[in-house]
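Order of the sequence lines sets the chain letters (A, B, ...), proteins ahead of strands, with each chain counted from 1.
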2 protein chains.
Amino acid sequence: MEENKKELIRKAAIKVMAEMGFYNTKASRIADEAGIAVGTIYNYFNSKEDILEYIFAVELEKRMVYLEQVKNVEADFWEKLEIFLRKHFNEIKDNPDTGKILVSEKEFPRKSGSKAIGDYLYAIPDKLDYLLTDALKNGEVKECNPEITAAIIFGAIQGVVEKAIKNDNLTLLDSAPEELLKLLKRGLNI
Amino acid sequence: MEENKKELIRKAAIKVMAEMGFYNTKASRIADEAGIAVGTIYNYFNSKEDILEYIFAVELEKRMVYLEQVKNVEADFWEKLEIFLRKHFNEIKDNPDTGKILVSEKEFPRKSGSKAIGDYLYAIPDKLDYLLTDALKNGEVKECNPEITAAIIFGAIQGVVEKAIKNDNLTLLDSAPEELLKLLKRGLNI
DNA sequence: ATATTATGAATGAATCATCATTCACCAAGA
DNA sequence: TCTTGGTGAATGATGATTCATTCATAATAT
């Protein structure tokens, strides 16, 4: 079981799912894209849904690492947020197909009990909430409801990604962090 | 062809699609929910997809009316935005199932050329962009890129709705406008 | 008023295409 | 030889959509 084959399938699936959406994605098309046989997919994944789960799990893991790194950095909340934003957006610039999936595929009861999408949609706002709560304690940001504010920030991030992808204008992801941070900073700074 | 029957189907479909998602929604389940026969659905809609299209079209129409009303109101940008936010959130409080659909179902090539979802995701940010550009001209808001900022605001709105629904806490939609407006105002006010 | 006919909404069993998944069989390397 | 991984045709389930039929009501005729 070479790990490369699994990676090959993941990448092919990202390409196809970004184009067609999960439900319109045929296993056969993923196989074509990966240059392998349909059956091979099932040597590495138990189901089509597992592939999507895996895609989300990989992306979530990256973000969790970013957020963990950022947490331990010697910097104020705003610098932390900026670092995270840049990493997140750069990741998406490098692979817009993944970005499309991250903003498009929503949590729904699929066949097996899907989990990774829910995790993604929960864990990131939750970590933002944590950072924000911390910043509040340190008096780094203005009084606010950190839970709602985290939801607002996460939503805004998703909104920017959606816009960039819809307009097929990835350079937006370069200027967006600045615009977003400028707004948030003035909005929340003490 | 009574109009009521179409409405009955729309409402039943909203309930089922909010619970299961579009692709997991069976026509037979919609029929059950509406207390009619499967075939009847097809006297009013050409396809399952048409039902979803119709759901989005109805909701978009409402928002367009709100935004049109707001545009002509004698008030500054912030009051306009607040009025719209309250109307939008109240609409969702009254029917959270619809809200779930509005934040969950994304634009993808379905069988026929789906249009309404794309319209919804495009038209609202576009109108916000318009209002914002106007406000900029009048010096009502701080210098900003209205296109990106509109995407940020729309994303933030969607984020709040998602949060409220995920947490099954609709009262969030009462306090959220205030929180969101506070942030945006300070962030964008001159 | 009563009978006759037309209309079209409603029905749901039957159809039919669509894939995800399986698995019997290969091929290559150890 | 044996094991591991690859293959893709065949399977089987699923579920959207169709359509022949029913039936209530309306329109028209007697």
For this session: Considering just the side-chain nitrogens and oxygens of B:Tyr42, establish if one lies under 4.0 Å of OP1 or OP2 belonging to C:dG12.
Result: no
Exercise. Could B:Arg10 and B:Glu59 be called an ion pair, given the rule that one side-chain N must be under 4.0 Å from one carboxylate O?
Worked result: yes
Exercise. Atom CD1 of B:Ile30 to atom P of D:dG15: distance rounded to whole Å?
Worked result: 13 Å
Sort me out a list of protein N/O and nucleotides 7-11 of chain D N/O pairs below 3.5 Å, or just none if empty.
unit_1 : atom_1 : unit_2  : atom_2 : d
D:dT7  : OP2    : A:Ala37 : N      : 3.1
D:dT7  : OP2    : A:Thr40 : OG1    : 2.8
D:dG8  : N7     : A:Gly39 : N      : 3.2

Exercise. D:dT14 P sits how many Å from A:Lys48 NZ, rounded?
Worked result: 16 Å
Exercise. Within this structure, what is the CG-to-C1' distance between A:Asp32 and C:dC19, rounded to whole angstrom?
Worked result: 14 Å
Problem set entry | All ring pair (Phe, Tyr, Trp, His ring centres under 6.0 Å) counterparts of B:Tyr66, not counting sequence neighbours | none
Problem set entry | B:Glu53 bridged to B:Lys115 by N-O distance under 4.0 Å | no
Problem set entry | Separation of C:dA17 P from A:Lys26 NZ (nearest whole Å) | 14 Å
Problem set entry | Whole-Å gap separating P (D:dT14) and CG (B:Asn24) | 13 Å
Could you list all N or O pairs between the protein and nucleotides 23-25 of chain D that sit under 3.5 Å apart?
none

Problem set entry | A:Glu107 and B:Lys166 ion-paired at < 4.0 Å | yes
Exercise. Is the closest basic N to carboxylate O distance between B:Lys11 and B:Asp97 below 4.0 Å?
Worked result: no
Exercise. Would you call B:Lys100 and B:Glu162 a salt bridge, using N to O less than 4.0 angstrom?
Worked result: no
Exercise. Taking atom C1' of C:dT18 as reference, at what distance in whole Å does atom CZ of A:Arg29 sit?
Worked result: 17 Å
Problem set entry | Nearest-angstrom distance from the residue atom OH of B:Tyr23 to P of C:dT18 | 15 Å
Problem set entry | Distance in angstrom units between A:Glu49 CD and C:dC19 P, rounded | 17 Å
Which donor-acceptor pairs under 3.5 Å do the side chains of residues 27-40 of chain A make with protein atoms, sequence neighbours left out?
unit_1  : atom_1 : unit_2  : atom_2 : d
A:Arg29 : NH2    : A:Glu19 : OE1    : 3.1
A:Thr40 : OG1    : A:Ala37 : O      : 3.4

Problem set entry | All side-chain hydrogen bond (donor to acceptor under 3.5 Å, both in side chains) counterparts of B:Lys127, not counting sequence neighbours | none
For this session: Apply side-chain hydrogen bond (donor to acceptor under 3.5 Å, both in side chains) to A:Tyr120 and list each qualifying residue two or more places apart in sequence or on a separate chain.
Result: none
